[in-house]
Amino acid sequence: MSKTYTVAVVGATGAVGETMLKVLAERQFPIGKLHVLASERSAGSKIDFGARQLVVENLATFDPTGVDIALFSAGGAVSKEYAPKFAAAGAVVIDNSSSFRGDADVPLVVSEVNPEAAKNRPRGIIANPNCSTMQLMVALAPIHRAVGIERINIATYQSVSGTGVKAMEELGRQTAALLNFQDAKPEVYPVQIAFNVIPHGGDFLDNGYTTEEWKLVTETRKILGDDSILVNATVVRVPVFYGHSEAVHIETREKLSVDKARELLAAQPGLVLVDERKAGGYPTPVTHASGNDPVYVGRLREDVSHPRGLDMWVVADNIRKGAATNAVQLAELVIAETA
Ligand code: A2P
């Protein structure tokens with residue numbers, strides 16, 4: 001019989017956790033025992049996993065002994081407290097929070113970009129990048145490898161699922177209220193999200209950027225292994241349920257023609273080019289990304305305002321490739337080490 005693994009999903013009742021379970025099943029991850037964990041609030045409730053029905057266990061009282069791989073997506077505070085405990089008990093932790101991403105002894109890995117980095121994990125923890133960085137890296141890594149990237153200028157158009165289940169409910173509730181001529185009360189976001197765009201994600205920093213924007217700076221440098229890359233980001237939340245979009249403008253070290261860029265992108269695993277110069281010949285969250293794993297790239301063109309500038313539009317499902325799918329792909333890399 002082929003080897004199976006004891007897997008724990010922490011935050012299994014959340015938007016990302018649920019998708020982690022779905023992706024584990026879809027990719028037929030060799031699971032022996034599967035523990036689904038959440039807070040005391042949902043402990044005891046039931047989750048379907050294929051033909052199995054699993055009972056949600058309380059993380060606070062769970063004994064991690066025997067867990068081979070733990071996928072964490074229950075927020076930064078939970079990861080900080082429990083990920084080291086799981087690692088100490090012998091599990092490889094794949095953590096979707098931002099708690100460890102900046103630590104030098106924790107690898108930050110996009111499976112199609114820097115998979116070899118996952119092997120060097122002295123603390124037993126591998127960090128899963130932020131969703132916006134994830135899709136950006138799949139699109140930019142082949143270009144950086146070929147000609148070097150000097151500067152990235154990016155504006156994101158991020159869906160509400162990135163904020164969590166309550167934000168998705170808020171968008172639905174506000175939309176229904178406004179269509180019925182009622183007030184849309186903001187609760188999760190500081191201002192109305194329905195029929196609006198909000199130039200704000202995370203917390204404000206002293207330099208005027210937000211924490212979500214700063215993640216794009218630091219995570220990009222770490223994943224591409226190049227601290228000289230300049231990144232200028234504006235994060236915008238838009239009334240879309242699933243799928244982040246990014247208007248990306250890069251300045252390469254050597255001139256890259258649009259034809260050569262297209263060739264490089266076409267050869268990149270995990271990336272699909274949708275780049276016809278006509279109405280609808282580009283990817284959008286609804287028509288392409290939502291529910292799917294690839295990173296979609298379109299609107300490729302040479303920047304007329306810069307001799308080494310290139311523009312593109314990058315779209316992916318933030319819950320799948322941006323979080324759950326990459327986490328499961330990292331788990332696959334880990335088990336492949338001993339296969
Ligand atoms: P619970 O259902 O018990 O609240 P989302 O980001 O989509 O809102 O999901 C957050 C996930 O993290 C949920 O599964 C949630 O479980 C879990 N979670 C939140 N706080 C804790 C905690 N203190 N201990 C364990 N799981 C937690």
Side-chain angles (χ1 to χ4, degrees), residues 7-25 34-49 53-65 67 69-89 91 93-101 125 127-134 158-174 186-189 193 201-203 211-212 215 235 237 239-244 290-291 317-328 331:
V7 175
V9 175
V10 178
T13 54
V16 173
E18 273 181 14
T19 308
M20 283 171 165
L21 292 170
K22 211 195 250 179
V23 175
L24 283 166
L34 177 59
H35 296 284
V36 287
L37 301 155
S39 77
E40 197 180 0
R41 289 182 293 275
S42 34
S45 58
K46 299 204 169 64
I47 290 182
D48 287 328
F49 182 78
Q53 199 175 51
L54 306 165
V55 178
V56 176
E57 298 173 80
N58 182 0
L59 174 66
T61 54
F62 179 76
D63 175 5
T65 309
V67 172
I69 293 186
L71 306 178
F72 270 68
S73 193
V78 170
S79 291
K80 257 209 172 96
E81 181 174 354
Y82 292 95
K85 293 182 181 165
F86 276 64
V93 173
I94 294 162
D95 181 40
N96 192 47
S97 82
S98 57
S99 291
F100 307 104
R101 289 182 193 147
I125 302 173
N128 209 34
N130 173 255
C131 42
S132 302
T133 317
M134 190 87 75
Q158 298 185 203
S159 68
V160 296
S161 53
T163 314
V165 171
K166 289 200 171 67
M168 290 193 276
E169 288 165 1
E170 176 151 306
L171 174 56
R173 199 174 47 246
Q174 288 184 353
E187 284 169 13
V188 175
Y189 294 112
I193 181 67
D203 301 319
T211 46
E212 290 297 299
K215 284 176 189 171
V235 160
R237 192 72 61 183
V240 168
F241 282 100
Y242 292 100
H244 288 358
S290 184
D317 186 321
N318 51 298
I319 300 292
R320 287 189 68 101
K321 180 58 191 173
T325 301
N326 196 68
V328 174

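In what follows, every heavy atom counts, from backbone to side chain, and hydrogens, waters and symmetry copies are set aside. For clarity, every value in this text was computed on a predicted model and none was experimentally measured. Numbering of ligands and ligand atoms starts at 1, following listing order.
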Residue pairs passing the salt bridge (charged side-chain N to carboxylate O under 4.0 Å, His left out) test with at least one member in residues 319-328, sequence neighbours excluded, are Glu26-Arg320, Glu112-Lys321, Asp293-Arg320
With a cut-off of 6.0 Å (strictly less than), are more than 12 heavy atoms of other residues, nucleotides or ligands near OH of Tyr242? no
Indicate, with yes or no, if the rings of Phe62 and Tyr82 have centres closer together than 6.0 Å. no
The side-chain hydrogen bond (donor to acceptor under 3.5 Å, both in side chains) partners of Ser159 (sequence neighbours excluded) come to Ser161, His244, Asn318
Exercise. Strictly by modelled atom types, are Ser79 and Asp95 linked by a side-chain donor-acceptor pair under 3.5 Å?
Worked result: yes
Here the side-chain hydrogen bond (donor to acceptor under 3.5 Å, both in side chains) pairs for residues 34-43, sequence neighbours left out, are His35-Glu57, Ser39-Arg41
For ligand 1, protein residues within the heavy-atom limit of under 4.0 Å are Gly11, Ala12, Thr13, Gly14, Ala15, Ala38, Ser39, Arg41, Ser42, Leu59, Ser73, Ala74, Val78, Val165
